[in-house]
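In what follows, residues are counted from 1 in the order of the sequence shown.
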Amino acid sequence: SMSQPKQNRALVIVNTNFCSSAGDVVFGTRGGAKREAEKLSNVLSRLNYKVKLMHNKTAKEIEDLYQQERCREHGDYFVSIISSHGEEGVIFGCDSEPIKLTRIFQILSSEKCPALTKIPKIFFIQACRGGEFDQGVVVECDSGEPKTECEPDCFSDYLSIPPQTVVMFACSPGYVAFLNIFGSMFLQALLKVLEGEERHLALNRLMTRINWEVAFHCQARGTYEGCKEMPCFVTNLLQEVFPFSA
């Protein structure tokens with residue numbers, strides 16, 4: 001008989017409630033993030049992914065979840081969505097402990113897991129990357145010289161993504177990512193694209209489409225009225241891939 005094609009896998013991790021080892025609340029609760037992650041998991045299931053959705057995991061548990069993926073049977077793509085608090089290069093477990101993103105990428109690309117080494121690994125990361133607010137860009141300006149912002153040195157982190165890996169961030173290095181009761185700008189845009197016809201696009205075009213959605217349709221309300229967010233992605237795939245065109 002024909003062997004069944006192996007199914008693509010997706011790991012979705014969403015942290016909404018945080019405390020420290022001492023039991024103090026360190027980070028705010030992330031309202032809206034849980035429902036959004038559930039919706040994304042459902043969409044990925046419909047697109048032929050076997051989805052594992054995990055809520056409120058510690059830094060150690062998150063690392064273990066990626067270690068476990070090394071032993072699984074994998075299809076043509078591996079997709080992971082992480083929604084949590086973060087800083088540049090780091091996301092936080094629900095125990096408020098950091099885990100480096102480079103650590104996660106390395107786990108999946110190590111020589112120890114040939115099944116994963118060969119296939120595209122695609123990450124969508126909804127987390128802050130610093131404390132800066134993006135005021136958007138004033139297009140016409142008569143004032144003096146623009147002041148140069150001192151950029152965090154994050155290119156070293158960028159360049160350390162392993163082969164066959166794609167990472168898309170909710171925001172630019174050094175900036176905050178927005179979330180409200182309806183969810184996050186970034187993952188809402190991802191959801192919209194996966195639910196629509198754009199899901200058939202090649203991955204790099206699909207991600208550019210998400211950039212466009214967030215840049216032109218999203219603006220913070222309330223306290224941060226008018227603040228923008230600019231997602232960005234880094235990829236070192238050598239070919240066009242169509243991971244959501246099931």
Side-chain angles (χ1 to χ4, degrees), residues 10 12-16 28 30-44 47 79-91 101 122-139 149 151-152 154-155 157-158 161 165-235 237 241-245:
V12 180
I13 299 171
V14 54
N15 284 346
T16 51
R30 301 179 61 250
K34 182 168 186 271
R35 204 157 141 263
E36 170 177 86
E38 285 163 356
K39 282 185 179 167
L40 280 161
S41 298
N42 291 337
V43 171
L44 286 169
L47 298 178
V79 169
S80 193
I81 299 172
I82 304 173
S83 176
S84 189
H85 283 295
E87 282 171 8
E88 184 54 45
V90 159
I91 51 141
L101 290 170
I122 305 157
F123 291 87
F124 296 95
I125 297 171
Q126 166 60 39
C128 292
R129 305 179 67 189
E132 296 284 325
F133 290 97
D134 189 340
Q135 305 297 344
V137 178
V138 180
V139 181
E149 287 295 324
E151 277 295 296
C154 51
F155 283 102
D157 256 6
Y158 269 177
I161 67 166
T165 302
V166 178
V167 186
M168 185 164 196
F169 293 100
C171 55
S172 303
Y175 285 94
V176 300
F178 290 106
L179 177 82
N180 63 30
I181 51 165
F182 306 111
S184 63
M185 293 180 184
F186 173 55
L187 293 183
Q188 290 298 315
L190 172 60
L191 192 60
K192 183 175 174 185
V193 164
L194 293 185
E195 284 175 334
E197 287 306 300
E198 294 105 333
R199 71 177 187 277
H200 298 299
L201 293 172
L203 182 61
N204 57 335
R205 293 192 56 201
L206 181 139
M207 293 188 298
T208 302
R209 179 70 200 187
I210 293 169
N211 279 354
W212 184 88
E213 283 286 343
V214 176
F216 290 103
H217 291 168
C218 300
Q219 196 151 287
R221 307 265 177 264
T223 320
Y224 306 111
E225 184 73 65
C227 283
K228 306 290 279 185
E229 180 177 300
M230 192 62 237
C232 53
F233 58 89
V234 54
T235 171
L237 296 187
V241 297
F242 300 82
F244 305 113
S245 192

Is there a side-chain contact between Trp212 and Val214 (heavy atoms, below 4.5 Å)?
no

Please list, chain by chain and in numerical order, all residues satisfying salt bridge (Lys or Arg N to Asp or Glu O under 4.0 Å) with Glu195, sequence neighbours excluded.
none

Contacts of type side-chain contact (heavy atoms from CB on, under 4.5 Å), residue Ala37, not counting sequence neighbours
Val12, Val14, Leu53

Would you mind reporting whether Leu203 and Phe244 have side-chain heavy atoms less than 4.5 Å apart?
yes

For the residue pair Ser245 / Arg199, report whether a side-chain donor-acceptor contact shorter than 3.5 Å exists.
no

Between atom CD1 of Ile122 and atom OG1 of Thr235, what is the distance when rounded to the nearest 0.5 Å?
8.5 Å

Could you grab the distance from atom CE of Met207 to atom CG of Leu190, nearest 0.5 Å is fine?
10.5 Å

Quick check: closest heavy atoms across Ala170 and Ala127, and the distance to 0.1 Å?
CB-N, 4.3 Å

If a pair satisfies salt bridge (charged side-chain N to carboxylate O under 4.0 Å, His left out) and one of its residues is in residues 202-212, list it, with sequence neighbours excluded.
Glu198-Arg209, Arg209-Glu213

Residue list, side-chain hydrogen bond (donor to acceptor under 3.5 Å, both in side chains) with Glu38, at least two apart or on another chain:
Lys34

Which residues satisfy the side-chain hydrogen bond (donor to acceptor under 3.5 Å, both in side chains) test with Thr165, sequence neighbours excluded?
none

What is the distance from atom NE2 of His200 to atom CG of Leu206, rounded to the nearest 0.5 Å?
11.0 Å

Residues two or more places apart in sequence or in another chain: which of them pass side-chain contact (heavy atoms from CB on, under 4.5 Å) with Asn211?
Met168, Met230, Pro231, Phe233

Rounded to the nearest 0.5 Å, the CD1 atom of Ile81 sits from the CD1 atom of Ile125 at a distance of 10.5 Å

Listed partners of Glu36 passing side-chain contact (heavy atoms from CB on, under 4.5 Å), at least two apart
Leu40, Leu179, Ser184, Leu187, Gln188

Those residues at least two apart in sequence (or on a different chain) that pass ring-ring contact (aromatic ring centres under 6.0 Å, His included) with Phe123 are Phe105

Mind checking the CG-CD spacing from Asn15 to Gln126? Nearest 0.5 Å is all I need.
12.5 Å

At what distance, to the nearest 0.5 angstrom, does CD1 of Ile13 lie from OG of Ser83?
10.5 Å

Would you say Phe124 and Phe186 make side-chain contact, with heavy atoms under 4.5 Å?
yes

Do Leu101 and Val167 have side-chain heavy atoms sitting under 4.5 Å apart?
no

